[in-house]
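Presented below is the structure to which this report refers.
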Amino acid sequence: MTQIIDTELARGESYASKFAEYAGMSIRGEELSRAQCLEVLNSPDEAMLDLLAATYTVRREFCGNKVHIHVLMNAKSGICPEDCGYCSQSAVSTAMIEKYPLVAKQKLLEGAQAAKDAQAKRFCIVTSGRAASWRDVNYLCDAVTEIIQEVGIKVCACVGLIDEEKARAFKEAGVDQLNHNLNTSENFSPSIVSSHTYADRMETLQAARSAGLELCSGAIFGMGEAQDDVIDVLVELRKLEPQSIPVNFLHAIDGTPLEGKDELSPQDCLRILCLARLLNPRQEIRVAGGREVNLRSLQPLSLYAANSLFVDGYLTTPGQNTDEAWAMIKDLGFEIEID
Ligand code: SF4
């Protein structure tokens with residue numbers, strides 16, 4: 001790599017001008033080639049500010065200086081029959097987590113109010129399991145209708161695999177977005193989960209879209225995937241055009257099959273976020289699970305690529321609290337956008 005950098009610098013072609021060219025392509029709606037994507041992912045740490053500066057021009061063009069906050073609630077935890085390697089709630093995980101059935105409606109209402117108080121744009125209700133039963137769907141639909149009437153906040157549902165009929169029930173109850181992550185590339189997916197397929201995930205997203213729901217779909221990085229897998233899933237998301245793309249970085253929890261995996265440096269995470277933005281210029285890109293443990297002290301820089309973040313923790317792990325997130329956003333000179 002050092003040799004390549006020297007050669008390019010000798011040619012007078014700096015990373016700054018190269019990344020500015022990629023940002024221009026992104027703003028014009030042109031897709032970066034695989035070689036250009038690889039250049040972003042392989043760029044050296046000393047070119048990080050050049051990459052962030054160029055990526056920020058894309059973020060500023062389509063998202064201004066606004067930041068969206070999301071708060072999620074694990075409404076049903078653990079006891080899942082699936083075998084997703086990254087997940088502490090799976091059948092193959094021995095992680096010491098809290099396990100409980102669907103929480104009471106009152107708890108969902110309180111969670112929604114806490115999200116509103118945190119200036120969240122959306123409250124995300126997540127349930128563990130392969131797919132929600134009709135009993136759970138109806139229960140959640142009633143809760144969502146109450147949340148919208150009494151709290152007045154947008155709701156996203158993440159309930160595993162779903163068909164169009166159940167998706168339509170959520171839509172009618174007032175859910176505006178359904179989250180279902182692609183998680184990784186089609187090629188790498190069987191290395192992470194065997195109990196359902198990438199095609200199953202795609203079908204869920206198509207069902208949600210057919211039912212009129214907006215899509216939230218993203219990925220988890222740092223699970224052992226190759227750079228081609230990183231590019232594949234980000235390009236697939238570009239084709240899919242979800243309204244919202246959560247970018248997660250593996251937080252390897254003890255007791256999960258991926259325990260001990262720690263592949264990404266904070267700079268690697270930033271390069272992935274920048275590529276996510278360059279390939280998906282208009283989307284809401286959320287720096288999501290694993291932000292704190294992977295980006296560490298570089299977390300603020302992530303918002304030059306992303307325009308959204310979770311506060312107050314994840315499904316089974318804690319995260320940055322609301323006050324700290326607000327302070328970080330303010331210190332960066334960004335503004336929280338609620339609607
Ligand atoms: S990610 Fe969802 S489907 Fe997979 S094991 Fe965890 S709770 Fe189950």
Side-chain angles (χ1 to χ4, degrees), residues 70 72-103 108 111 124-137 139-140 156-163 166-167 170 175 177-186 188-208 215-225 229 233 237 242 244-259 261 286 288-291 293 310 313-319:
H70 287 228
L72 61 78
M73 174 178 276
N74 196 1
K76 180 182 177 188
S77 178
I79 327 162
C80 180
E82 300 297 289
D83 65 356
C84 307
Y86 52 85
C87 180
S88 58
Q89 305 183 78
S90 80
V92 293
S93 161
T94 57
M96 302 295 285
I97 58 159
E98 233 189 312
K99 296 174 185 172
Y100 48 83
L102 257 185
V103 298
L108 288 167
C124 310
I125 300 175
V126 188
T127 57
S128 64
R130 177 182 172 85
S133 64
W134 265 114
R135 190 162 165 255
D136 287 358
V137 170
Y139 180 89
L140 290 169
C156 175
C158 176
V159 293
L161 301 172
I162 197 169
D163 60 24
K166 286 177 180 161
F170 278 123
V175 167
Q177 223 169 63
L178 184 114
N179 166 264
H180 198 71
N181 291 331
L182 288 181
N183 282 337
T184 190
S185 70
E186 183 170 16
F188 191 63
S189 185
S191 307
I192 292 302
V193 57
S194 68
S195 51
H196 60 262
T197 64
Y198 186 86
D200 291 333
R201 292 191 164 267
M202 274 293 186
E203 271 176 34
T204 282
L205 290 165
Q206 296 306 344
L215 300 186
C216 170
S217 186
I220 308 172
F221 300 99
M223 298 192 290
E225 70 281 350
D229 297 309
V233 70
L237 289 166
S244 179
I245 299 179
V247 174
N248 300 276
F249 303 109
L250 180 71
H251 178 179
I253 297 171
D254 288 351
T256 63
L258 297 183
E259 173 180 343
K261 205 172 256 307
R286 182 170 322 109
R291 154 165 81 95
V293 293
F310 279 118
Y314 306 96
L315 295 175
T316 62
T317 52

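Read the numbers this way: they start at 1 and go in the same order the structure lists the ligands and their atoms. Along the sequence shown, residues are numbered consecutively beginning with 1.
The line from CG of Asn181 to OH of Tyr86 is 7.5 Å long, rounded to the nearest 0.5 Å. Residue Ile220 holds its CD1 atom at 7.0 Å from CG of Leu250, rounded to the nearest 0.5 Å. The OG atom of Ser88 lies 11.0 Å from the CG atom of Asp254; values are rounded to the nearest 0.5 Å. Rounding to the nearest 0.5 Å gives a distance of 12.5 Å between CG of Asn74 and NZ of Lys99.
Of all heavy-atom pairs spanning Ser128 and Ser77, the tightest one is OG-C, 3.7 Å.
Each of the atoms 7 (S) of ligand 1 lies under 4.0 Å from some heavy atom of Ser128.
When hydrogens are left out, the protein atom nearest atom 1 (S) of ligand 1 is Tyr86 OH, 3.4 Å; that is the closest non-hydrogen contact. Protein heavy atom at the shortest distance from atom 2 (Fe) of ligand 1 is Gly129 O, 4.4 Å. For atom 4 (Fe) of ligand 1, the closest non-hydrogen atom of the protein is Cys84 SG, 2.3 Å. When hydrogens are left out, the protein atom nearest atom 5 (S) of ligand 1 is Ser90 CB, 3.4 Å; that is the closest non-hydrogen contact.
The aromatic rings of Phe221 and Phe249 are tilted relative to each other, their planes meeting at an angle between 30° and 60°.
For residue Cys80, no N/O/S atom approaches atom 6 (Fe) of ligand 1 to within less than 2.8 Å. Distance check for Cys87 against atom 4 (Fe) of ligand 1: none of its N/O/S atoms falls below 2.8 Å.
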